[in-house]
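Residue numbers begin at 1 in each chain, while the letters A, B, ... track the order of the sequences.
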Amino acid sequence: MTTDGSTRTLPRLDESLLLHMPPFSRLKREQIRQILDLAVSRRYPEGVAVFEEGGEADRFFILLDGYIRVIRITETGEQIIALHIPPGQLFGIAKALGRTTYPATAITASESLALSWPMQLWDSFPAYDGFATETYKTVGTRMGEMNNRIVEMATQQVEQRVASALLRLVNQTGRKVEDGIEVDFPITRQDLSELTATTLHTVSRLLSAWEKDGLVKSRRKRIVVCDPHALVLISHHAPKA
DNA sequence: ACATTAAGCGATA
DNA sequence: TATCGCTTAATGT
């Protein structure tokens with residue numbers, strides 16, 4: 001925000017920023033220009049809240065770079081990680097859920113860059129070709145994913161849940177490295193346990209066991225999956241009575 | 001099949 | 001040096 005009240009940030013945002021983002025990829029340069037001129041660009045250090053659960057949903061966002069962790073707090077004060085958002089996705093789109101407040105807290109899992117717009121503009125954006133269908137797709141995918149996790153929590157055992165969670169992480173946010181696929185942002189045992197409703201100790205023991213068998217490689221805050229197929233087998237293993 | 005408690009170690013800031 | 005991330009063993013449910 002500048003002193004004259006305009007919302008444009010220092011250098012004019014480059015159009016290539018949005019050119020390949022799914023919600024805007026079908027737009028002409030001129031339309032992208034319009035949208036960018038309405039946007040605020042902001043960099044967030046690792047571990048800060050972009051917005052908080054219950055807060056007034058006054059802006060919506062698209063993640064250009066980095067990763068966002070969507071978390072909720074239970075009655076007893078424990079954190080639950082709902083999902084992670086990769087670059088190119090919209091988030092904080094409360095109005096798409098018919099809400100005026102944010103339903104969860106968004107924390108940066110790594111240093112991130114995001115554009116945001118005032119929520120008042122939400123109803124005008126579907127005029128842009130592809131935006132509406134893309135947001136429906138995003139909302140649908142996320143609901144499906146959370147739905148799957150509910151079934152998972154209820155039916156699968158811890159080892160399978162952690163295996164599934166790890167697979168989702170590398171599928172959605174994985175980066176190719178020397179000896180496998182690495183989760184592309186810093187992630188602790190605690191984080192993984194909050195994703196799978198278990199304890200960091202159990203996660204630590206599982207990762208140690210998997211590492212001994214060559215399925216994964218991990219150091220502090222970093223996890224590499226070396227043998228995805230073996231993890232798939234574990235995740236599909238039927239619960240034993 | 002898990003969680004919890006406790007102790008200790010190396011990495012990181 | 002203090003804190004954090006992590007591991008492991010022992011014990012509890």
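- Residue A/T198 has no polar side-chain atom (N or O) positioned under 4.0 Å from OP1 or OP2 of B/dC2.
- Between A/L200 atom CG and C/dA9 atom P there is a gap of 16 Å when expressed in whole angstrom units.
- Counting non-hydrogen atoms under 4.0 angstrom, A/S204 reaches a base of the nucleic acid.
- Listed nucleotides: C/dT7, B/dC2, B/dA3. Nearest to the side chain of A/Q157: B/dC2.
- No donor-acceptor distance shorter than 3.5 angstrom exists from the side chain of A/R189 to the backbone of A/V203, with no hydrogens or angles considered.
- A/Q160 places its CD atom 8 Å from the P atom of B/dC2, with the value rounded to the nearest Å.
- Atom-to-atom, CD of A/E194 to P of C/dG5 comes out at 11 Å; the value is rounded to the nearest Å.
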* Structure fact -> Per-nucleotide protein contact along nucleotides 5-13 of chain B, 5' to 3', at a 4.0 Å heavy-atom cut-off (B base, S sugar-phosphate only, - neither), is BB---BBS-
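- Summarising the geometry, the separation between CG on A/L206 and C1' on B/dA3 is reported as 13 Å, rounded to the nearest angstrom.
- In terms of modelled atom types and a separation under 3.5 Å, the side chain of A/R149 and the main chain of A/R161 share no donor-acceptor contact.
- Side chains of A/T74 and A/T76: a donor on one and an acceptor on the other come within 3.5 Å.
- Counting non-hydrogen atoms under 4.0 angstrom, A/T199 reaches a base of the nucleic acid.
- The only member of A/T100, A/T135, A/D123 that meets side chain to side chain donor-acceptor pair (under 3.5 Å) when paired with A/K95 is A/D123.
- Between the NE2 atom of A/H237 and the P atom of B/dA1 there is a distance of 11 Å, rounded to whole Å.
- Taking atom CZ of residue A/R219 and atom C1' of nucleotide C/dT7, one finds them 18 Å apart after rounding to whole Å.
- Under a hydrophobic clustering in which Ile, Leu, Val, Met, Phe, Trp and Tyr are joined whenever their side-chain heavy atoms come within less than 4.5 Å, directly or via other members, A/L90 and A/L13 fall into the same cluster.
- Atom CZ in A/R189 sits about 5 Å away from atom P in C/dC6, given to the nearest Å.
- Here A/W117 and A/Y128 keep their ring centres 6.0 angstrom or further from each other.
- Checking side-chain atoms of A/Q89 against main-chain N and O of A/L63 turns up no donor-acceptor pair under 3.5 Å.
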